[in-house]
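Below is one structure, written out as structure tokens, with a few remarks after it.
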Amino acid sequence: MPNPLYDGLFGVHAGKDTPFLKLPDGRVISHDAFLTIAAQIAHALAAHGLKAGDRVAVQVDKSPEALAVYAACVQSGLIFIPLNTAYTVGELSYFVENSGAALIVCDQRNASELTTLAGTLGAAVMTLNADGSGTLMEASSAMPRAFDTVPRSSEDLAAFLYTSGTTGRSKGAMLTQENLLSNAVTLADLWQFTEADVLLHALPIFHTHGLFVATNVMLAAGGSMILLPKFDLDAMIAWLPEATSMMGVPTFYTRLLGDARFTRDLTEHMRLFISGSAPLLAETHVQFETRTGHRILERYGMTETNMNTSNPYDGARIPGTVGLPLPGVEVKVTDAKTGETLGPGNVGQIEVRGPNVFKGYWQMPEKTAAELREDGFFLTGDLGLVDADGYLQIVGRDKDLIISGGYNIYPKEIELVLDAQPGVLESAVIGVPHADFGETVLGLIVPAEGETPDLARIKEATAAALARFKHPRALLLVEELPRNTMGKVQKNVLREMHKDAFAST
Ligand code: MLC
Ligand code: AMP
């Protein structure tokens with residue numbers, strides 16, 4: 001019986017002794033060995049009572065076993081919910097409750113707090129640590145080495161990825177087997193990945209980029225990955241000679257360029273460098289080419305859609321653009337008021353349609369209807385234009401969103417925390433340019449009349465509530481916030497006022 005995503009990405013490698021994962025300690029895990037680990041985990045999940053359609057929330061460090069949990073969920077028809085390791089227990093409790101997860105897989109260090117949470121929400125907890133130890137692996141190790149793949153259809157859900165929103169409430173983007181498989185196959189083909197490729201993988205595996213682009217593409221192509229736990233300059237420089245290709249957020253590229261060891265010689269053998277998740281400055285593109293002779297291939301995607309556009313593999317890779325629609329994907333730029341499609345050169349809202357576009361937000365029909373049109377076009381919230389050659393340029397965002405080092409941060413979520421602090425009348429959180437992270441978070445606080453808010457205490461409260469990467473880099477007290485005639489805070493004015501605060505940091 002078919003399970004298109006499992007069959008297409010994983011099952012095709014059954015019995016193959018070819019390398020899949022190369023680890024910093026020198027271990028190499030073959031495709032077949034990886035599938036065996038996944039099958040044993042699938043047995044352990046089944047023995048735990050999980051059945052097709054159940055949700056599994058996973059907050060673990062990057063490891064081969066963590067990837068095998070993903071494969072096991074696909075093979076078992078379970079819905080995989082990867083979660084940023086930086087999330088606090090408060091943030092996690094929302095995801096677990098909202099998704100109705102039946103199981104939480106977490107690191108041992110968070111097990112006691114999460115067991116208390118799971119108890120109140122009726123979920124179970126199993127552990128998986130960075131070194132591959134934990135109760136999940138204990139339960140798996142004696143299990144049979146093959147698992148009968150659970151039949152699924154292309155339209156069945158494979159994963160939820162939580163993405164925050166302008167209201168500050170996160171939404172679970174429901175991705176089907178077809179969404180993930182079609183994109184992986186398209187990208188592997190477009191970017192000409194083959195079994196001979198070795199991808200230097202330093203991205204986290206809880207987001208679209210590291211999991212559904214990097215990992216799925218390599219699985220579709222049958223190549224291997226050097227699986228680094230995170231981005232580390234020394235490790236990147238040390239492993240580059242073993243790789244043929246790399247995917248990263250712009251911060252990876254600016255950090256590499258900032259290191260004198262990153263030279264033309266070091267990269268001469270490389271086939272491809274790909275960037276995405278945040279705007280790559282045209283200046284970085286040019287510097288990269290001058291240093292290495294390689295033109296970075298920039299592409300554009302998002303949690304709800306996987307990848308939408310890409311600069312060509314053969315053909316002009318144009319700095320400042322995100323390229324052409326992927327085969328099978330339609331992209332249009334429309335007028336926000338009339339909904340009409342705009343001609344080349346005109347700025348409007350970017351809409352996309354195709355097999356990559358998600359099925360909606362989990363149990364949020366109104367939010368789904370607001371962004372996913374009946375005709376299948378998804379309103380990305382990005383603003384852009386299509387140039388005369390058909391290349392898409394992203395010129396801004398209609399959504400109030402900050403992208404720091406490739407992580408999305410929704411100001412509303414932070415403002416809700418700041419506004420609740422003693423002595424605070426109101427707040428505004430904005431993104432300002434930052435040399436390393438592209439953008440960083442600045443919080444502006446208006447004190448309540450006669451009050452002087454304690455900024456140190458406010459920082460503590462923010463730290464307790466929100467993941468580290470969302471914390472404002474600075475908090476400033478201001479007398480008032482600029483407003484337009486409708487009373488709306490003019491964040492563009494604030495961004496302009498504070499644009500140099502961290503530009504050279
Ligand atoms: C880490 N920190 C961050 C941060 N990453 N703060 C803001 N923004 C970030 N992105 C915190 C750390 O906790 C640390 O806190 C401090 O900042 C400095 O840490 P660092 O050592 O300099 O950071 P590092 O660990 O090296 O991480 C930076 C990074 C990482 C850029 C390598 O953030 C990263 O891998 N980003 C990739 C994100 C990603 O995969 N996005 C794809 C989303 S999918 P302290 O306490 O030490 O001060 C998507 C769709 C698409 O967008 O199109 O792909
Ligand atoms: P996420 O919700 O984390 O998937 O982030 C998706 C958002 O990242 C998009 O809506 C864009 O705003 C942004 N993004 C992704 N790739 C690019 C890119 N190449 N250039 C500019 N912005 C990008």
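These numbers were taken from a predicted model, which means no experiment stands behind them. All ligand and atom numbering here is 1-based and tracks the order in the structure.
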[X]: which residues meet the side chain to side chain contact (heavy atoms under 4.5 Å, CB included) condition with it, sequence neighbours left out?
X    : result
E242 : I226, W239
A369 : none
E65  : S63, L128, M137

Is the backbone N or O of [Y] less than 3.5 Å from a side-chain atom of [X], with the two atoms forming a donor-acceptor pair by type?
X    : Y    : value
E91  : A467 : yes
N179 : V357 : yes
D335 : E340 : no
K62  : L203 : yes
H498 : A501 : no

Between S275 and V249, what is the shortest heavy-atom contact and its length?
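Residues S275 and V249, closest heavy atoms: OG-C, 4.3 Å.
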
Atom indices of ligand 1 within 4.0 angstrom of [X] heavy atoms, with elements:
X    : answer
G301 : 53 (O)
T251 : 31 (C)
H207 : 43 (C), 44 (S)
F231 : 32 (C)
L203 : 40 (O)

Name the closest protein heavy atom to [atom], giving the residue it belongs to and the distance to 0.1 Å.
atom                    : answer
atom 50 (C) of ligand 1 : M302 CA, 3.9 Å
atom 7 (C) of ligand 1  : S404 OG, 3.1 Å
atom 23 (O) of ligand 1 : R255 NH2, 3.8 Å
atom 41 (N) of ligand 1 : G406 O, 2.9 Å
atom 36 (N) of ligand 1 : G405 O, 2.9 Å
atom 25 (O) of ligand 1 : K230 NZ, 3.0 Å
atom 53 (O) of ligand 1 : R299 NH1, 2.7 Å
atom 33 (O) of ligand 1 : Y407 CE1, 3.5 Å

Does the protein place any heavy atom closer than 4.0 Å to [atom]?
atom                    : result
atom 9 (C) of ligand 1  : yes
atom 47 (O) of ligand 1 : no
atom 29 (C) of ligand 1 : no
atom 19 (O) of ligand 1 : no

Below 4.0 Å from ligand 1: does a non-hydrogen atom of M307 turn up there or not?
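It does, in that a heavy atom of M307 comes within the 4.0 Å cut-off of ligand 1.
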
Sub-4.0 Å heavy-atom contact, P204 with ligand 1
yes

Are R473 and T440 close enough that a side-chain donor and a side-chain acceptor fall under 3.5 Å?
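Judged by distance alone, the side chains do pair up.
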
Within the 4.0 Å heavy-atom sphere of ligand 2, strictly under, residues
S277, A278, P279, E298, R299, Y300, G301, M302, T303, V322, D382, I394, R397, K399, I403, N408

Nearest to atom 42 (C) of ligand 1 by heavy atom, S277, G276, G210: which?
S277

Taking heavy atoms and a distance under 4.0 Å, where does [X] meet ligand 1: side chain, backbone, both or neither?
X    : value
F437 : side chain
E439 : neither
F252 : side chain
R468 : side chain

When the aromatic ring centroids of [X] and [Y] are compared, is their separation below 6.0 Å?
X    : Y    : value
F437 : F502 : no
Y70  : F10  : yes
F358 : F378 : yes

Would you call the rings of F273 and F262 parallel, tilted or perpendicular, taking 30° and 60° as the class edges?
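Perpendicular, since the angle between the ring planes exceeds 60°.
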
Taking the inter-plane angle between the rings of F34 and F20 on a 0 to 90° scale, is it parallel (under 30°), tilted (30 to 60°) or perpendicular (over 60°)?
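Ring orientation, 0 to 90° scale: perpendicular.
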
Looking at side-chain heavy atoms only, is the closest gap between V386 and L392 below 4.5 Å?
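Touching, per the 4.5 Å side-chain cut-off.
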
Answer yes or no on whether R271 is positioned over the face of F193, meaning its NZ or CZ is under 6.0 Å from the six-membered ring centre and within 45° of the axis.
yes

Using the rule ring pair (Phe, Tyr, Trp, His ring centres under 6.0 Å), only one of H471, H207, H209 pairs with Y407; which is it?
H207

